[in-house]
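Report on the structure given below.
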Number of protein chains: 2
Amino acid sequence: MMKMISIGALGKATGVNIETIRYYERIALLPEPDRTSAGYRQYGEEHLRRLSFIRKGRDLGFSIEAIRALLRLAEHPEQPCEDADRMTAAHLAEVERKIEELGRLRDALREMARCCAGTVAECRIIDALAS
Amino acid sequence: MMKMISIGALGKATGVNIETIRYYERIALLPEPDRTSAGYRQYGEEHLRRLSFIRKGRDLGFSIEAIRALLRLAEHPEQPCEDADRMTAAHLAEVERKIEELGRLRDALREMARCCAGTVAECRIIDALAS
DNA sequence: GCTTGACCCTGTAGCCGCTACAGACCCCAT
DNA sequence: ATGGGGTCTGTAGCGGCTACAGGGTCAAGC
């Protein structure tokens, strides 16, 4: 007999919000679990594994659709993993792009910051936006 | 007589999408302009200045609400600019936080990437998520 | 004068990835 | 019997746009 757990227990075990778990079910990222006679969701090992996978993917910043694809891949261990490789590379490139963009932002903000002991009229921040 | 321009011209001048301009009006970030007899929006210098301000603020990553506050500040040049200073510092801190977070993400992704010439079963990427 | 095509209008719905209710039901301990 | 937790469904909201549909308007060219 498999050990079944409630949605609250699953949430605690994976660090995923209960509402989010139900959301994942709604968008068919997590399969519908069995129910108790009262209609409560009951999860088993497989759900726990799958949700952990999703959680780790999200923590790595993969989109839901990317995770959907990665899950499909994970279900076919005999296939080549080019796709996973390509997705990771693309995501990495995107992250690197964002870092650069934020770096430029940071520089611009540092440039502006510490403007004032003065009034708005002489404020470098407001000036940078208004000019 | 002030030179009036259409929403399309305003969009071109500021680099802001027309739909976005109307959105800014709807959320009262940009004041309602006059209309021609046919109901077309007509913008003047002041709108142009204000929308440029908004655009620059958005480019710097300020939230709409932050920009709203900065605009209010800009309208009161005699006041002290502590608020602008504080908001910029907070935003800068947030950007720096995000950069660090993305940096950690990048490292984790680099660690995983270039896993394979093999199958999913031996894929470091899938493994990292599943384990 | 008429057509064509570019512009503009309103209103609404969708995107992503959740999150937050309301209002009900259920389970267990006291 | 009661109370306090957990759970259920369904829907609406967040930020910041973006994308229509289905219409009206304007200016240039014939």
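Everything quoted here is computed from the prediction, not taken from an experiment. Proteins come first, then strands; the chains are lettered A, B, ... in the order of their sequence lines, and each starts at number 1.
For B/Ile21 and D/dG16, the CD1 to C1' distance is 15 Å, given to the nearest whole Å. The separation between B/Ile18 atom CD1 and C/dT10 atom P is 13 Å, rounded to whole Å. B/Leu51 has its CG atom 11 Å from the P atom of D/dC17, to the nearest Å. Here the C1' atom of nucleotide D/dC8 and the OH atom of A/Tyr43 are 11 Å apart, to the nearest Å. For the pair B/Glu25 CD and D/dC17 P, the interatomic distance rounds to 15 Å; values are reported in whole Å. We find that CD of A/Gln42 is positioned 18 Å from P of D/dG6, with the value rounded to whole Å. Atoms CE (A/Met4) and P (D/dT7) sit 15 Å apart, rounded to a whole Å. In this entry the distance linking CG of B/Leu60 with P of D/dG16 reads 14 Å, nearest Å.
The pair A/Glu46-A/Arg49 counts as a salt bridge, with a side-chain nitrogen and a carboxylate oxygen less than 4.0 angstrom apart. The residues B/Arg110 and A/Glu96 are annotated as salt-bridged, a charged nitrogen and a carboxylate oxygen being separated by less than 4.0 angstrom. In summary, A/Arg86 and A/Asp83 engage in a salt bridge, as defined by a charged side-chain N under 4.0 Å from a carboxylate O.
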> Yes or no on salt bridge (Lys or Arg N to Asp or Glu O under 4.0 Å) for B/Glu65 and B/Arg68, after CA distance, side-chain angles and deciding distance?
Replying inline: CA-CA 5 Å; B/Glu65 286 319 302; B/Arg68 216 186 280 279; 3.1 Å; yes

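When the side-chain nitrogen and oxygen atoms of B/Arg41 are compared with OP1 and OP2 of C/dC8, none of them lie within a distance under 4.0 Å. Contact check, A/Ser6 against D/dT7: a side-chain N or O comes under 4.0 Å of OP1 or OP2.
Within 6.0 Å of atom CD in A/Glu111, 12 or fewer heavy atoms from other residues, nucleotides or ligands are found, so the atom counts as exposed in its surroundings.
Using a 4.5 Å cut-off between side-chain heavy atoms of Ile, Leu, Val, Met, Phe, Trp and Tyr, with links allowed through other members, A/Tyr40 and A/Leu48 fall into different hydrophobic clusters.
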> For every nucleotide of nucleotides 15-30 of chain C, 5' to 3': is a protein heavy atom under 4.0 Å from its base (B), only from its sugar-phosphate (S), or from neither (-)?
Replying inline: --BBBBB----BS---

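Side-chain atoms of A/Glu100 do not come within 3.5 Å of backbone N or O of A/Arg97 as any donor-acceptor pair.
When heavy atoms are screened at a 4.0 angstrom cut-off, B/Ile27 is found touching no nucleic acid atom at all.
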